[in-house]
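Just so it is clear, the values below take in all heavy atoms, side chains as well, and ignore hydrogens, waters and symmetry mates. Chain naming here is simple, since letters A, B, ... match the order of the sequence lines and numbering starts at 1 in each. Keep in mind it's a predicted model, so treat the numbers as computed, not measured.
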Amino acid sequence: MIVAEQKSLAEIDQLVRNAKKLLIVGCRECVTVCMAGGEKEVGILASALRLKWENEGHKTEIVTAMLQRQCEPEYVAELEKQLDGVDCILSTACGVGVQYVAEKYPIWTVPALNTKFAGGALEQGVWTEKCGLCGECVLHLTGGICPIIRCSKSLLNGPCGGSHDGKCEVSAETDCAWALIYDRLKKMDRLDLMLELQPVKDWAKSRDGGPRKVVREDVRL
Amino acid sequence: MNEEKRTGAGGAPPDAAAPPANAAAPTGSAPAANAAPAPRPIGATDPVEGFEPKIIAFCCYYCAYSAADLAGSMRLQYPANVRLIELPCSGKTDPKLLLEAFENGADGVYVAGCMEGDCHFLKGNFRAKKRVHAVKKILDDVGIGAARIEMFNLSGSQGPRFAAIAREMTERIKNLGPSPINVRRGTIHRAPTVEAAAAGQGGEHK
Amino acid sequence: MSVAEPKAPVAEKASGAAAPKEGAPKKAESPFRTDSKLERLFAQGEFVVTAEIGPPKSASSKGIRENAKILKDATDGQNLTDNQTAIVRLSSIAAAVHVLAEGGNPVMQMTVRDRNRIALQSDLLGAYSLGIRNTLCLSGDHQSFGNHPTSKNVYDIDSIQLLQTVKGLRDDKKFLCGEDCKINPKFYIGAAANPFGDPFEFRVLRLEKKIKAGADFIQTQAIFDLERFERFMAMARERGLHKKVNIMAGIIPVKSAKAMEYMKTVPGMIVPDEMIARIKGAADQASAGVDLAVEMIQRMRQIEGVRGVHLMAVGWEEKVPEIVEKAGLLPRPKVKE
């Protein structure tokens with residue numbers, strides 16, 4: 001899923017303060033699961049802003065709404081009936097959701113979250129990055145551990161000299177992806193994969209080729 | 001734009017108008033103590049004559065709520081400022097409700113759960129503690145002040161401790177003054193005056 | 001393969017650049033792949049000595065030139081680091097040109113941290129045109145260590161792929177994309193090896209990968225833990241790697257026990273406590289550091305498969321001639337015609 005994190009209250013305050021009527025819109029997908037922009041978080045954010053503004057004598061009306069999914073136009077269309085008088089939308093979706101809302105309505109729309117990465121939970125309250133979204137998966141070469149995003153240098157022929165006791169040189173809290181790959185391949189008796197020289201990567205399949213698109217003709221309407 | 005007037009209503013931490021609360025500094029102590037009075041806590045407001053805080057206590061059924069019953073049967077006095085809300089476990093604590101209590105005019109809020117290690121549902125009280133701390137951060141951010149919310153632990157047999165907590169929290173909020181929100185709204189909770197009491201009216205607006 | 005390309009203007013002017021430009025054309029088939037002095041010295045069976053020069057955090061060539069003067073006769077090659085520890089410094093190409101001008105034999109370090117394959121290949125062409133004949137291909141320290149931790153890193157290709165790139169240009173006259181490079185750079189190709197990185201068992205296999213990718217010589221991470229290095233070399237010999245590549249042992253002459261304490265904290269370095277205690281206990285820590293470096297060189301000469309040493313005395317370059325002399329390695333050998 002997409003993992004995101006709420007911006008500081010002070011920053012959000014500055015982003016939406018000029019509004020007369022603010023609509024805070026949550027999303028029930030990824031950001032609900034990663035507890036950044038679901039119904040609960042929308043409620044807390046709305047309450048915090050109301051308290052802050054009332055305390056400061058500032059007047060902006062706040063209303064809230066929830067969408068099942070902000071990254072699909074059909075769901076975003078449901079906002080229509082809740083926009084009366086709204087002059088600013090604060091979206092607690094990922095960057096994708098914010099864009100769909102912004103594209104749909106001629107209303108100033110701002111993000112409440114910083115969208116971080118494609119990842120998953122390590123434990124309750126801890127999320128970690130897992131996929132580099134590079135457009136050409138190499139997990140079959142690396143024992144199911146992504147070197148593109150989990151190695152700080154995205155090495156395809158790792159580990160570098162900074163791997164120490166299974167940790168990355170960048171931080172003692174970060175596992176060295178290539179140490180993990182080595183252990184895994186050794187256990188699976190596939191170290192031969194690590195001895196091969198992996199050729200240079202085609203980054204054109206990644207972000208470096210410009211914004212990407214996936215088209216499935218068979219399912220188009 | 002954000003430099004709204006923030007005078008008595010608190011908010012700005014380095015507020016120049018510090019109350020003379022610590023005037024009774026020990027004589028002849030370090031001169032620095034006189035030069036720099038302790039900064040006023042976030043969300044502290046000017047003292048108000050007759051202020052009687054309204055405090056919401058979210059109480060776990062297994063401990064604090066029973067302790068309150070016990071305090072009652074023991075005929076223990078505790079301030080009438082505290083209004084109890086029963087929770088099936090302090091682990092039910094919801095940050096949104098804690099904030100809403102302030103939106104609805106509370107001057108202080110606390111959550112009372114079982115002794116650490118004694119939660120009926122094992123870890124509910126630890127979770128409550130973390131959420132209360134998260135709300136403390138928000139309250140500082142919005143200018144209400146972290147000191148207006150607290151987490152307490154006690155057991156069902158501690159009637160006297162229940163009363164002591166109620167007194168402690170009431171005392172704390174009295175010192176902090178009315179919630180800045182109530183100051184803004186002009187809804188400061190006061191003890192009923194003799195005349196109002198005689199007329200059967202409370203002094204509260206809400 | 002290489003009919004020596006006589007296009008090395010700066011090198012030709014530089015008095016000490018020993019590449020026998022005039023000697024080679026007689027024989028159509030040179031036994032050498034490059035014009036590098038290092039390649040020839042290794043071929044002669046010499047115990048090769050290189051040293052490191054850290055370019056300054058300024059636009060001044062003064063320090064580089066002074067160090068080049070100090071090192072050019074005491075060592076066979078001088079490494080110019082490439083924004084080491086991700087701190088912005090004068091570029092390794094420019095620094096290498098200053099070394100050339102002083103008559104040295106630069107080893108230009110190149111990391112894949114800051115340049116993509118376009119910039120790397122472009123710089124290889126440029127560096128060669130300026131007379132630089134040796135390069136050392138590295139991953140580079142992560143930018144979070146440096147003075148611009150908020151920068152974006154590149155890592156378009158990794159250090160092993162850079163080795164392949166330099167080799168492809170030299171031996172196949174091809175760019176990475178497969179296009180021809182008619183007048184191609186012919187670098188003597190170096191790689192790093194860290195016997196103290198983990199997983200230890202993979203370190204020798206990684207060395208083998210680097211040889212396969214194109215490494216002619218190896219400069220290792222600084223060695224303090226001799227026991228582990230000997231195990232590493234034994235494993236390398238077992239796989240016959242010492243015969244396929246010229247391994248140079250990295251040595252840091254230490255000024256003080258405090259410096260060693262610091263190095264101990266660097267990821268991928270092992271500094272045994274006894275060694276720190278030895279320096280700490282010395283009346284003159286700096287001279288004890290020199291003695292230790294000399295002793296390390298002697299030990300390295302006895303390890304089968306170690307073909308030279310690489311001295312990393314950054315900020316203490318003036319001590320290198322003394323260390324090399326005390327180790328009995330002066331004068332440095334000449335390239336035989």
Side-chain angles (χ1 to χ4, degrees), chain A residues 132 134 136 138 141-143 145-187 190-209, chain C residues 85-86 111-113 116-117 120 138-145 149 153-165 167-168 176-177 191-214 219-222 239 250 265-270:
Chain A
C134 72
E136 190 174 37
V138 295
L141 299 172
T142 56
I145 294 153
C146 175
I148 305 301
I149 206 67
R150 295 176 66 184
C151 166
S152 301
K153 300 176 182 174
S154 296
L155 303 181
L156 285 164
N157 294 281
C160 74
S163 176
H164 197 66
D165 282 338
K167 296 296 174 188
C168 173
E169 68 175 24
V170 171
S171 155
E173 277 154 37
T174 306
D175 288 330
C176 167
W178 279 101
L180 296 176
I181 293 168
Y182 176 80
D183 291 344
R184 171 96 175 142
L185 292 180
K186 194 175 174 191
K187 202 183 283 174
R190 288 305 310 273
L191 271 181
D192 59 298
L193 286 170
M194 231 168 130
L195 296 180
E196 279 171 31
L197 294 178
Q198 295 305 330
V200 296
K201 193 167 174 65
D202 178 1
W203 293 109
K205 295 191 167 103
S206 180
R207 227 298 303 171
D208 302 85
Chain C
T85 62
T111 75
V112 294
R113 177 192 58 224
N116 66 7
R117 64 190 78 174
L120 287 166
L138 302 166
S139 303
D141 298 308
H142 194 268
Q143 75 275 9
S144 59
F145 292 101
N153 63 35
V154 179
Y155 294 115
D156 172 18
I157 65 177
D158 64 27
S159 61
I160 287 182
Q161 292 161 345
L162 178 60
L163 290 168
Q164 289 180 302
T165 308
K167 187 180 161 69
L176 203 43
C177 60
N194 184 3
F196 310 103
D198 291 317
F200 178 62
E201 320 81 71
F202 187 70
R203 288 293 146 186
V204 172
L205 302 180
R206 182 164 165 81
L207 171 63
E208 190 165 353
K209 268 182 102 166
K210 290 195 171 184
I211 297 167
K212 239 199 273 178
Q219 291 176 329
T220 75
Q221 170 69 289
R239 300 183 78 87
T265 66
V266 173
M269 280 193 80
I270 299 178

Residue, of Arg117(C), Glu208(C), Met269(C), Gln221(C), that accumulates the most heavy atom pairs under 4.5 Å with chain A: Arg117(C)
Value rounded to 0.5 Å, distance of CD in Gln164(C) from CG in Asp158(C): 8.0 Å
Among the listed options Gly162(A), Pro159(A), Ser154(A), Gly161(A), the residue most often paired with chain C at heavy-atom distances under 4.5 Å: Pro159(A)
Heavy-atom pair of closest approach, residues Gly132(A) and Ile148(A): CA-CG2, 4.5 Å
Greatest number of heavy atom pairs closer than 4.5 Å to chain A - which of Asp141(C), Asn153(C), Ile270(C): Asp141(C)
Side chain / backbone / both / neither for Lys186(A) at chain C, heavy atoms under 4.5 Å: side chain
Exercise: identify the closest heavy-atom pair between Arg239(C) and Leu205(C): CZ-CD2, 3.5 Å
Atom group of Phe145(C) that falls short of 4.5 Å from chain A, counting heavy atoms: side chain
Shortest non-hydrogen separation from Pro199(C) to Tyr182(A) and the atoms involved: CG-CD2, 3.4 Å
Heavy-atom pairs under 4.5 Å with chain A, option from Lys209(C), His142(C), Glu201(C), Arg113(C) with the top count: Lys209(C)
Asp198(C) versus chain A, the contacting section by heavy-atom distance below 4.5 Å: both
Smallest separation among heavy atoms of Gly214(C) and Lys167(C), with atom names: CA-CD, 3.3 Å
Top contributor to chain C contacts, counting heavy-atom pairs under 4.5 Å, from Cys168(A), Ala172(A), Ala179(A), Ser163(A): Ser163(A)
Portion of Asn116(C) that has a non-hydrogen atom of chain A nearer than 4.5 angstrom: neither
Exercise: identify the closest heavy-atom pair between Leu185(A) and Gly143(A): CD2-N, 3.7 Å
Evaluation steps, side chain to side chain contact (heavy atoms under 4.5 Å, CB included), between Ile160(C) and Arg206(C): CA-CA 9 Å; Ile160(C) 287 182; Arg206(C) 182 164 165 81; 3.6 Å; yes
Engaged part of Leu176(C) at the chain A interface, taking heavy atoms whose separation is under 4.5 Å: side chain
